[in-house]
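Letters A, B, ... are given to chains in the order of the sequence lines, protein chains preceding strands, and every chain is numbered from 1.
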Protein chains: 2
Amino acid sequence: MIQAHAVRLFVERGYDGTTVNDVAEAAGVSPMTVYRHFPTKEDLVLVDQNGPLVAERIAATPAGQPLVRRIGSALVDSARTLTAGDDRFLLARLRLMISTPALRARHLDNHYVLQQAIVDGLGDEAADPDTAFQAEAAASACLAAMHTALVRWAKDDGRTDLPDLIAKALAAAFGDNTPTGDHAERSAT
Amino acid sequence: MIQAHAVRLFVERGYDGTTVNDVAEAAGVSPMTVYRHFPTKEDLVLVDQNGPLVAERIAATPAGQPLVRRIGSALVDSARTLTAGDDRFLLARLRLMISTPALRARHLDNHYVLQQAIVDGLGDEAADPDTAFQAEAAASACLAAMHTALVRWAKDDGRTDLPDLIAKALAAAFGDNTPTGDHAERSAT
DNA sequence: CCCGACTTGTTAGTGACTACCAGTGCGATA
DNA sequence: TATCGCACTGGTAGTCACTAACAAGTCGGG
C-alpha cells in the first residue's frame, strides 16, 4: 500500500523529485515506517520476488534439452503468467526502472539473484564448478535477452505481447532453437 | 591519481568504510575537487571508457557472420588487449565492483552504454527497429556471458586466462559456434 | 493484571551530493 | 605591463537518504 502511493508519486513528480518523506506523508505513516518496510528508496519500486516462480518453471522443464532452451521457455512461461494480471502497475514500475538510473542499476543487479535462482532450479548439474559456470553463463545471457525484451515492451507501452517479445529476443540471441510457441508474424514495423 | 588513492583506500578499509573526505585527504585535495572530477563516489571505481575500443573491434569483424559470433570475438579480443597490461589494478577494481552492491549495480548499468556502442558498431544493420532489437538482444546476452566470465576470473584471482574464460562462457551460452581460439583443456577442478 | 513480542514514532546523527560564491594561476589581447 | 576571460580549486550551507537508540502503543496469553 505504501508502495502504491510511492509509485504513484514517482510517476507524478519523478523519482528524484519525490522524497521518502513525501511518500510517508502520502501514505499516512512516519518516514521510519517506510524505511522499516523498504530498506532503501529503490525497494519502493523494485520488489521482485518471482525468483521462486522462475526456478519452479525451470525445474519442470525436461533435463535433456540444452540450457538456454530450458531457461528460455521457463522465462517465457513466467512472463505469460505475470502479464496475465495487472499490466498497468507492472508497466508503470518498469518504465520507472528504465528511465531512472539508480533504479535501472538496482534492477539489473537483481538479475544476479534471479540468475542464482535459475542455476539452483537447474538442480543436479550444478555439482562441479565447470558445469555451474556454464549454467551461470547461460542464465545470465538469457536474462539479458529478456531484459532487452522488457525495455522494448515498455517502449511499446505494453501493446505487444511480452512473452512473444521475450521469445523473439531469445531467438535473436541464441538462434531459432528456442521454442517460440505460437507467434504469428506481427506487423510491428 | 585521485582514483588510485581511492581504490587503494577502498581495498584497505572497504568501500562503505571510506568516505569521500578520506579520499580527498589522501589525495591532498579538497572534497569539492573530488566531486568535480568524479560526479559520484562510484565513479571513483567505475571509469570504463573502452566502449569505443569494443565498437571498433565489432566494426572490424566480417559482416556475414551471425551477430553473437561477431560480438563474441570482439569481446574476446578486447579482453585480450585489456589484460595485456596491468592485471593488478583491473583485478582490484573488479573485485570491488563485485563485492560492493552499489558498485555492482552501477557496473551492470554501464553495460547498457556498452551495449549501445556494440549496436552502433554493428553499423548499417541498425536501420529498421526489428533488426535493432535483435542486435540489442544479442549484444546484451553476450555482455552478460562476459560478465559471468569476469566474475569467475575475479574469483580465481586472475590466475586463469580472461579471454579464454569469456570464450568458454560464450560457448556455454550460444553453443560451440563461437571461435574459442586456442584453449586446451584446463584442469580447473 | 502483568508480561513479552511486534509495530510504530521521535530524535539526533552520518555521509553523499549540490547549489552559490570566491580565490588563483595562465594565456591572449590591447 | 595591465586587463580580460578561463579553467581549476576551495569554502559554506543546505538537502536528502539512511541509521542507531530509545520511547510508546497494541495485543494475545499467563
Side-chain angles (χ1 to χ4, degrees), chain A residues 1-49 92-110 112-113, chain B residues 1-49 92-110 112-113:
Chain A
M1 181 231 317
I2 292 177
Q3 192 196 21
H5 279 283
V7 172
R8 180 177 55 79
L9 288 180
F10 290 161
V11 170
E12 287 176 13
R13 317 180 193 173
Y15 180 77
D16 291 326
T18 309
T19 71
V20 177
N21 284 24
D22 293 340
V23 174
E25 194 176 355
V29 296
S30 88
M32 277 307 304
T33 304
V34 177
Y35 281 120
R36 246 181 278 267
H37 288 282
F38 304 89
T40 74
K41 186 184 180 183
E42 293 142 6
D43 288 319
L44 283 166
V45 181
L46 306 160
V47 275
D48 278 2
Q49 57 245 38
R93 279 178 44 213
L94 186 57
R95 209 146 22 189
L96 273 174
M97 286 191 279
I98 291 172
S99 60
T100 309
L103 291 177
R104 193 175 50 212
R106 273 289 308 267
H107 174 64
L108 290 171
D109 190 43
N110 281 359
Y112 220 75
V113 179
Chain B
M1 181 231 319
I2 292 178
Q3 191 195 23
H5 280 282
V7 172
R8 181 177 55 80
L9 287 180
F10 289 160
V11 170
E12 287 176 13
R13 316 179 193 173
Y15 180 77
D16 291 326
T18 308
T19 72
V20 177
N21 284 24
D22 293 341
V23 174
E25 194 176 355
V29 296
S30 88
M32 282 302 306
T33 305
V34 177
Y35 282 119
R36 243 180 279 270
H37 288 282
F38 304 89
T40 73
K41 185 183 180 184
E42 292 142 5
D43 288 318
L44 284 166
V45 181
L46 305 160
V47 274
D48 276 1
Q49 57 244 39
R93 278 178 45 212
L94 186 58
R95 212 152 14 197
L96 273 175
M97 286 191 277
I98 292 172
S99 59
T100 309
L103 293 176
R104 192 176 49 212
R106 275 289 308 266
H107 173 64
L108 290 171
D109 190 42
N110 282 359
Y112 222 75
V113 180

Trainee: Quick check: closest heavy atoms across A/Thr18 and A/Leu9, and the distance to 0.1 Å?
Mentor: OG1-O, 3.5 Å
Trainee: Going from NZ on B/Lys41 to CG on B/Leu103, what distance comes out if it is rounded to the nearest 0.5 angstrom?
Mentor: 8.5 Å
Trainee: Quick check on contacts: within residues 1-19 of chain A, what sits under 4.0 Å from DNA chain C by heavy-atom distance?
Mentor: none
Trainee: Going by heavy atoms closer than 4.0 Å, what residues in residues 95-109 of chain A are next to DNA chain C?
Mentor: none
Trainee: Considering residues at least two apart in sequence or located in another chain, which fulfil the side-chain hydrogen bond (donor to acceptor under 3.5 Å, both in side chains) criterion with B/Asp109?
Mentor: A/Arg104
Trainee: Sequence neighbours excluded, which residues qualify as side chain to side chain contact (heavy atoms under 4.5 Å, CB included) partners of A/Ile98?
Mentor: A/Leu94, A/Val151, A/Ala154
Trainee: Can you list everything that forms a ring pair (Phe, Tyr, Trp, His ring centres under 6.0 Å) with B/Tyr15? Sequence neighbours excluded, please.
Mentor: B/Phe10
Trainee: Which pair of non-hydrogen atoms, one from B/Ser30 and one from B/Ala24, has the smallest distance, and what is that distance?
Mentor: C-CB, 3.7 Å
Trainee: Bend across the helix from C/dC1-D/dG30 to C/dA30-D/dT1, to 10°, with axes taken over 5 pairs at each end?
Mentor: 10°
Trainee: Would you indicate whether B/Gln3, at its atom CD, is surrounded by more than 12 heavy atoms from other residues, nucleotides or ligands within a distance under 6.0 Å?
Mentor: yes
Trainee: With sequence neighbours left out, what residues match B/Ala102 under side chain to side chain contact (heavy atoms under 4.5 Å, CB included)?
Mentor: B/Glu42
Trainee: Contacts to DNA chain D from residues 25-45 of chain A, heavy-atom cutoff under 4.0 Å, which residues?
Mentor: A/Met32, A/Tyr35, A/Pro39, A/Thr40, A/Lys41
Trainee: What is the 5' to 3' range of DNA chain D, first to last nucleotide, that sits under 4.0 Å from any heavy atom of chain B?
Mentor: D/dT9 to D/dT12
Trainee: Out of the candidates B/Asp22, B/Asp16, B/Asn21, only one should pair with B/Thr19 under the side chain to side chain donor-acceptor pair (under 3.5 Å) rule; please name it.
Mentor: B/Asp22
Trainee: What residues, two or more places apart in sequence or in another chain, satisfy side-chain hydrogen bond (donor to acceptor under 3.5 Å, both in side chains) together with A/Asp43?
Mentor: A/Thr40, A/Arg106
Trainee: Test of understanding: with side-chain hydrogen bond (donor to acceptor under 3.5 Å, both in side chains), list the residues that count as partners of B/Ser99, not counting sequence neighbours.
Mentor: none
Trainee: Side chains of A/Arg93 and A/His107, heavy atoms from C-beta outward: is any pair under 4.5 Å?
Mentor: no
Trainee: Which residues pass the side-chain hydrogen bond (donor to acceptor under 3.5 Å, both in side chains) test with A/Arg8, sequence neighbours left out?
Mentor: A/His5, A/Glu12
